[in-house]
Amino acid sequence: MNQAGELWNRCTGSLREQVSETTWQLWLSGIEPVEFANGVFVLSVPNGLILERVETRYLPMIEDTLANEVGSPVRGRLEVHHHEPDEPELEEFLGVPAQPEANRPALVPQSTTSGRESPAVQLDPKFVFETFVAASSNRLAHAAAQAVAETPGRSYNPLFIYGDSGLGKTHLLHAIGNYVSENFSRRKVLYVTTETFMNDFVDSLRTSTTLAFKRRYRECDVLLIDDVQFMENKEGLQEEFFHTYNDLKGASKQIVLTSDRPPKSIETLEDRLRSRFLSGLITEIDPPDLETRLAILRSKSESERQEVPDDVLEFIATHVKNNIRELEGALTRISAFAKLNKEAISLAQAERVLSDIVLAGEPRRITPQMILEATAASYGFSIEAICGPSRTRPLVTARQVAMYLVRNLTDYSYPAIARVFGNRDHTTVIHAVDKITGQMQQRRQIYEQVTELIQQVRAGT
């Protein structure tokens, strides 16, 4: 071993004690000694991102440690030796489960000119403040979201919204993004799921596109991140988001986060991230009460120009209590049945169509596996085929129906559903849900297949 290697080995123990284990594994463990001569210690690092991070944050500490060891000043110089870590290693220290090569998501090229131009940041125009039904269960979250949209970076930064799935958190994120995009045209809005942030970071390390990654996430004016609970158990991802957060907050850029639980209940979340989440406004969305459920149903029926009698709306609101998705799904089934049969919507009709909900009372917990098994048996395909890559028409229909059912009968988010169906992109799930929703009102066969599957899954047959 040469002089540089021996000196570096003597210093690594001291360096490791001065930083967290996460910092060591993510940023410092890949450093290798190259040469020590004339008071200059040359160190090699795996890529440009690590070089920039070490140079700006850790190089003085390294120089001091080396100087203490040799008894004279030492200047450190960093070089990139273009060695990329093996992908399984990369996955491991980021806290990302290793995936087969065929299932690894590719990083989609992102535009940095506008928050609306990238597929990953596309905002749903239906999700605006005007279509969000504010009530006692969500009034604080709604008011805070409006304040943030009207004065980005000045009110409630960060804003952290939490609550069970299907209660409107994503609606508020999109509403903020749509409002800012419409009223502050020069502000860059970035809406992503935590899964997208993770995939972008992993791929930027693999493909040496870290500068593009940093521009994408640190040059936006409003960062909207959905489902931050998925940072749980991902130390490397938390480390990167910590620095992204600090850069944005330091520049007075707005950050809005959603989760299915408050920061204090997200296990393995680093204390420094938890404290930053807690430094802003934490607001909860509760399940809607009966009056709010009725208002949501009226709003949806009006937006879709459907005439639905009050007693039908009351019937739905009375029997679907905890999830807005299921509430709207029940209205969709009734409306589709009436349209297919060219009948006016009535209470008797609603009672027949939604008999599975009424008879279920307190239904058992439904899982994606139950839905996949029922769909596979109904369409005559295997579960592997439904989750696989084939694009044959009957199989695509079965897959889209299964995605629709998982979205409406479980609390799984779009990214979570995408993972169930072979690690697809979550926009594929959004397209499938929208398509089946529309086809249910146009094609009797699709309506009957979906209805029958819903009844089978609820009954456990």
**Student:** Is the count of non-hydrogen atoms from other residues, nucleotides or ligands lying under 6.0 Å from Y447 atom OH greater than 12?
**Tutor:**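 Atom OH in Y447 is crowded, with more than 12 foreign heavy atoms closer than 6.0 Å.
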**Student:** Scan T244, D200, D247 and name whichever one has a side-chain hydrogen bond (donor to acceptor under 3.5 Å, both in side chains) with Y217.
**Tutor:**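 Result: among T244, D200, D247, D200 is the only option passing the side-chain hydrogen bond (donor to acceptor under 3.5 Å, both in side chains) with Y217.
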**Student:** Do the side chains of E270 and R276 get close enough for a salt bridge, i.e. N-O under 4.0 angstrom?
**Tutor:**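 Salt bridge: no.
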**Student:** Take atom CD of E343 as the centre, draw a 6.0 Å sphere, and report whether it contains more than 12 heavy atoms from other residues, nucleotides or ligands.
**Tutor:**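 Buried by this count: over 12 neighbours within 6.0 Å.
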**Student:** Is it true that a side-chain atom of E314 and a backbone atom of L294 form a donor plus acceptor pair closer than 3.5 Å?
**Tutor:**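 No, the answer is negative, given that no donor and acceptor are paired below the 3.5 Å cut-off.
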**Student:** With a 4.5 Å cut-off on side-chain heavy atoms, are T131 and K126 touching?
**Tutor:**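 K126 vs T131: side chains apart.
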**Student:** D310 vs R298, test: salt bridge (Lys or Arg N to Asp or Glu O under 4.0 Å). Steps then yes/no.
**Tutor:** CA-CA 9 Å; D310 287 343; R298 288 196 179 99; 3.8 Å; yes
**Student:** Show your reasoning for whether salt bridge (Lys or Arg N to Asp or Glu O under 4.0 Å) applies to R272 and E239.
**Tutor:** CA-CA 10 Å; R272 56 183 180 171; E239 169 80 14; 2.4 Å; yes
**Student:** Can you tell me how the ring of Y191 sits relative to the ring of H174, calling it parallel under 30°, perpendicular over 60° and tilted otherwise?
**Tutor:**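 Ring orientation, 0 to 90° scale: tilted.
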**Student:** Consider only side-chain N and O atoms of Q18 and Y58, and report whether a donor and an acceptor are under 3.5 Å apart.
**Tutor:**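 No - no donor-acceptor pair under 3.5 Å links their side chains.
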**Student:** Looking at the rings of F197 and F213, which for Trp means the six-membered one, are their centres under 6.0 Å apart?
**Tutor:**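 Yes, ring centres under 6.0 Å apart.
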**Student:** Can you tell me if T193 and D226 form a side-chain donor-acceptor pair at under 3.5 Å?
**Tutor:**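 There is no such pair between these side chains.
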**Student:** Taking the six-membered ring for Trp, are F132 and H171 parallel (under 30°), tilted (30 to 60°) or perpendicular (over 60°)?
**Tutor:**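 Perpendicular, since the angle between the ring planes exceeds 60°.
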**Student:** Mind running side chain to side chain donor-acceptor pair (under 3.5 Å) on T292 and D289 for me, showing each step along the way?
**Tutor:** CA-CA 5 Å; T292 305; D289 56 22; 2.6 Å; yes
**Student:** Quickly, which of E267, E284, E232 forms a side-chain hydrogen bond (donor to acceptor under 3.5 Å, both in side chains) with R261? Name it, please.
**Tutor:**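 Output: one option passes, namely E232.
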